[in-house]
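All remarks here apply to the structure that follows.
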Amino acid sequence: MSAGLSTRVVHGGERTSHAEEVLAVVERIPRGKVMTYKDVSEYVGWGSGRTVGAVMSRHGHEVPWHRVLLSNGRPNPANPEEALRLLKRDRTPMMPDGERVDLKRARWDGR
DNA sequence: AGCCTGACAGATA
DNA sequence: GTATCTGCCAGGC
């Protein structure tokens, strides 16, 4: 199995919607760490990178949305400037070009 | 049920 | 590096 991705997020029997689980996970991503859309979908065991993106688009305005990235390390296409600014404020490990996050170092596995 | 849409991802050229 | 295609899958109509 791939590192940490088999862990399901379960809220003590509480019946939460999939969208809420997605937001709950994003909220837990530590400063300086990131997850990809796909990472999140696998972590919560629901949907796909695409569907996580849809959730973030509609309900992600109050969580650290800038810590959710494309698989190539680039930030959210809807607001890349702002995302980059916040990521740098987080001291997120970046690639030399400063445009992409260094996923190798910054990826969060949920621990 | 069927069709379309989309803050995605991987493979290929 | 870019462009294109295919697969993905929940939501809305």
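Quick note on labels: first sequence line is chain A, next is B, and so on, each numbered from 1.
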Using a 4.0 Å heavy-atom cut-off across all strands, classify Ser41(A) as base, sugar-phosphate, or nothing.
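The residue Ser41(A) makes no contact with any strand.
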Taking atom C1' in both dC13(C) and dA7(B), compute the distance separating them and give it to the nearest angstrom.
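These two C1' atoms come out 22 Å apart once rounded.
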Which whole-number value in Å describes the distance from [X] [atom1] to [N] [atom2]?
X: Glu42(A); N: dC8(C); atom1: CD; atom2: C1'; answer: 12 Å
X: His59(A); N: dG6(B); atom1: NE2; atom2: C1'; answer: 14 Å
X: Leu84(A); N: dA7(B); atom1: CG; atom2: C1'; answer: 15 Å
X: Asp97(A); N: dG1(C); atom1: CG; atom2: P; answer: 8 Å
X: Tyr37(A); N: dA9(B); atom1: OH; atom2: P; answer: 8 Å
X: Leu87(A); N: dA7(B); atom1: CG; atom2: C1'; answer: 14 Å
X: His18(A); N: dG11(C); atom1: NE2; atom2: P; answer: 7 Å
X: Met56(A); N: dC9(C); atom1: CE; atom2: C1'; answer: 18 Å

Checking contacts here: which listed nucleotide ([options]) is nearest the side-chain heavy atoms of [X]?
X: Arg100(A); options: dA9(B), dG1(C), dA10(C); result: dG1(C)
X: Thr51(A); options: dA9(B), dC9(C), dG11(C); result: dC9(C)
X: Ser57(A); options: dA7(B), dA9(B), dA10(C); result: dA7(B)

Please lay out, stage by stage, how Met94(A) and Val101(A) fare under the test side-chain contact (heavy atoms from CB on, under 4.5 Å).
CA-CA 4 Å; Met94(A) 306 294 292; Val101(A) 168; 3.8 Å; yes
Any residue meeting ring pair (Phe, Tyr, Trp, His ring centres under 6.0 Å) with His18(A), in chain and number order, not counting sequence neighbours:
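Testing His18(A) for ring pair (Phe, Tyr, Trp, His ring centres under 6.0 Å), a comparison that skips the adjacent residues, returns Trp46(A).
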Closer to the 5' end of DNA chain C via nearest nucleotide, is it Arg58(A) or Ser48(A)?
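Its nearest nucleotide lies further toward 5', so the answer is Ser48(A).
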Pairs meeting criterion salt bridge (charged side-chain N to carboxylate O under 4.0 Å, His left out) with involvement of residues 55-67 of chain A, two or more places apart:
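Every salt bridge (charged side-chain N to carboxylate O under 4.0 Å, His left out) pair that includes a residue of residues 55-67 of chain A, provided the two are not neighbours, is Arg67(A)-Asp90(A).
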Which atom of Thr92(A) lies closest to which atom of Leu87(A), heavy atoms considered
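Shortest heavy-atom contact: OG1-O, 2.9 Å.
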Looking at every non-hydrogen atom in both residues, tell me the closest pair between Ala83(A) and Trp65(A) and how far apart they are.
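In terms of heavy atoms, the two residues are closest at CB-CZ3, 3.7 Å.
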Indicate whether OP1 or OP2 belonging to dC8(C) is found under 4.0 Å from a side-chain N or O atom of Lys38(A).
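Result: no.
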